[in-house]
There are 2 protein chains.
Amino acid sequence: MSAADETAERAAGDEQPWDEVTPEAAKKLLVAAVEAFAERGYHATTTRDIAGRAGMSPAALYIHYKTKEELLHRISRIGHDKALEILNAAYDGVGTPTERLADAVRSFVRWHAGRYTTARVVQYELDALSDTHRTEILGLRRQSDAVVRRILNEGVEAGEFDVPDVPGTTVAVLSLCIDVARWFNTQGRRTPDEVGALYADLVLRMVSAQKK
Amino acid sequence: MSAADETAERAAGDEQPWDEVTPEAAKKLLVAAVEAFAERGYHATTTRDIAGRAGMSPAALYIHYKTKEELLHRISRIGHDKALEILNAAYDGVGTPTERLADAVRSFVRWHAGRYTTARVVQYELDALSDTHRTEILGLRRQSDAVVRRILNEGVEAGEFDVPDVPGTTVAVLSLCIDVARWFNTQGRRTPDEVGALYADLVLRMVSAQKK
DNA sequence: CCCGAAGGTGAGCAAGCGCTTAGAGCTTGA
DNA sequence: TCAAGCTCTAAGCGCTTGCTCACCTTCGGG
């Protein structure tokens, strides 16, 4: 089994997400919140809407979460942990920097497309977090950035990549992947796998040493 | 003067934007709204906040705009017109598809970075528009998409580009440029010109025929 | 068999929201 | 000279918001 397949299995394996959220009612509310936040945005979503989607009364929300913002924070934290785990799995995989970069982009994009409602909340609702919570989350994002930069640097050292501006290219690669959550939707013609494959190819072209 | 320089001049030339908005008070309110929407998002911004930034009373807003949503629509419309104009200028420029694609990416990215508050509202607050207004704006976005796709197709026909998936690559190129508005900020180390140059280079690598 | 903890509800509070209205001040042309 | 017509404000209306509270159920352990 190749490193790519292993990562694919891992990403596809836990397609019953939010299992870490208990009890059942808290999970139902959280899933409802993800849907609502992704659809309308955090500030346009009311606690009545979230509770309604979960089939509960508005007051039920406050048994499991102190505030609406705490709900967002739980979602954001779990999502960022997952995103970072995906990148780390690719970094720790076997293979050349080229293979591991392709692996990282493929699985990272697949997650942003396949779980685009979650990813949208995770990537585009940071501003709605409290100062404390946002600071915590930004720490995780810096780690994601560092993982990609490390792969690029290793590829340059190995002579596989020609990247004049590693920090700039790191930002661009992550940006390209993250933005998938904005435009992807299930009505589109492509599957998450297809987008992942396309993007892995495009990113490799961006960094490959030109053979002239 | 090259085609690239002409576009640069045009993009840099009207750095006193919103000149089409009159009278003065309406412009002041609109600029205040752009700042507030970019900072907090449409739904988290109050009409009192907008009026306050413009140094006026909350009621003053309703002399110049029927609703808060109409304000967003004016901003979105003007911004999308500008973005489309930038892409069209690059398309209509002289030069090979390679030069015109680089020109398009460079000036499009420069706008998203240099005017990132406006771009943020334009690109990330579409959902807050009314159905009618959103439909109108989506028409402009489809035109932007078409321009980029046309340049890619012409490059493929000319044998300059190796792009197996033109629609997918079109989405990726636009996505990469648009996302600049999300992460760019004036505290960063790069100028809009530098980001534009970097991204033009990255995009050319994505589409260039590989010389093996 | 009853008790207390835990999970749930209906009603509703205080605050803040988008927006309106009555009228004040300033400019302008008959 | 002054009525007409803008532009703007102070005050506030009706409504929705995030969140609370008194109370009701369900259920495992003494």
Side-chain angles (χ1 to χ4, degrees), chain A residues 18-76 121 125-134, chain B residues 18-76 121 125-134:
Chain A
W18 311 123
D19 276 353
E20 59 264 68
V21 182
T22 55
E24 201 58 34
K27 189 195 298 182
K28 224 161 54 170
L29 284 163
L30 189 136
V31 169
V34 169
E35 281 175 23
F37 292 163
E39 211 171 277
R40 309 193 210 284
Y42 175 80
H43 288 292
T45 300
T46 69
T47 54
R48 284 162 178 79
D49 182 19
I50 297 168
R53 286 177 193 245
M56 306 177 86
S57 77
L61 201 152
Y62 294 90
I63 295 164
H64 301 284
Y65 303 95
K66 274 215 299 272
T67 62
K68 179 181 156 190
E69 192 270 344
E70 188 191 305
L71 238 182
L72 175 62
H73 175 243
R74 288 289 300 272
I75 295 167
S76 196
V121 179
E125 301 292 346
L126 278 182
D127 291 346
L129 290 169
S130 69
D131 284 348
T132 314
H133 286 157
R134 188 173 40 248
Chain B
W18 312 123
D19 275 353
E20 58 264 69
V21 183
T22 54
E24 201 58 33
K27 189 195 299 183
K28 225 162 51 170
L29 285 162
L30 190 137
V31 169
V34 169
E35 281 175 24
F37 292 163
E39 211 171 278
R40 310 192 209 284
Y42 174 82
H43 289 292
T45 299
T46 69
T47 54
R48 285 163 177 81
D49 182 19
I50 298 169
R53 285 177 193 245
M56 305 177 85
S57 79
L61 201 152
Y62 294 90
I63 295 163
H64 302 283
Y65 303 95
K66 273 217 298 272
T67 62
K68 178 181 156 190
E69 191 269 345
E70 189 191 303
L71 238 182
L72 175 63
H73 175 243
R74 288 289 302 270
I75 295 166
S76 197
V121 179
E125 300 292 345
L126 277 182
D127 291 346
L129 290 170
S130 69
D131 284 348
T132 314
H133 286 157
R134 189 173 39 249

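Quick note on labels: first sequence line is chain A, next is B, and so on, each numbered from 1.
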Subject >> Contact list for DNA chain C against residues 25-42 of chain B - heavy-atom distance below 4.0 Å >> reply: none
Subject >> Ion pair check, B:R134 and B:D127, cut-off under 4.0 Å >> reply: no
**OP:** Assess whether side-chain contact (heavy atoms from CB on, under 4.5 Å) is satisfied between A:Y42 and A:V121, documenting all intermediate values.
**Re:** CA-CA 8 Å; A:Y42 175 80; A:V121 179; over 6 Å; no
**OP:** Heavy atoms only: give me the nearest B:A51-B:L29 pair and the separation to one decimal.
**Re:** CA-CD2, 4.2 Å
**OP:** With sequence neighbours excluded, give me every salt bridge (Lys or Arg N to Asp or Glu O under 4.0 Å) pair touching residues 56-70 of chain B.
**Re:** none
Subject >> Nearest-0.5 Å distance, OH of residue A:Y62 to CG of residue A:L71 >> reply: 9.0 Å
Subject >> Check against side-chain contact (heavy atoms from CB on, under 4.5 Å), A:I50 and A:M56 >> reply: CA-CA 9 Å; A:I50 297 168; A:M56 306 177 86; over 6 Å; no
Subject >> Whether over 12 other heavy atoms sit under 6.0 Å from A:E24 CD >> reply: no
Original post:
Which residues pass the side-chain hydrogen bond (donor to acceptor under 3.5 Å, both in side chains) test with A:R48, sequence neighbours left out?
Top reply: none
Subject >> Side-chain (B:Y65) to main-chain (B:A26) donor-acceptor, under 3.5 angstrom >> reply: yes
Original post:
Where does the chain A footprint on DNA chain D start and end, counting 5' to 3' with a 4.0 Å heavy-atom cut-off?
Top reply: D:dT17 to D:dC21
**OP:** Mind running a 4.0 Å heavy-atom check of residues 43-70 of chain B against DNA chain D and sending the residues that fall below it, in number order?
**Re:** B:R48, B:M56, B:S57, B:A59, B:A60, B:I63, B:H64
**OP:** Kindly write out the residues that satisfy side-chain hydrogen bond (donor to acceptor under 3.5 Å, both in side chains) with A:R53, not counting sequence neighbours, or none if the list is empty.
**Re:** A:E39, A:D49
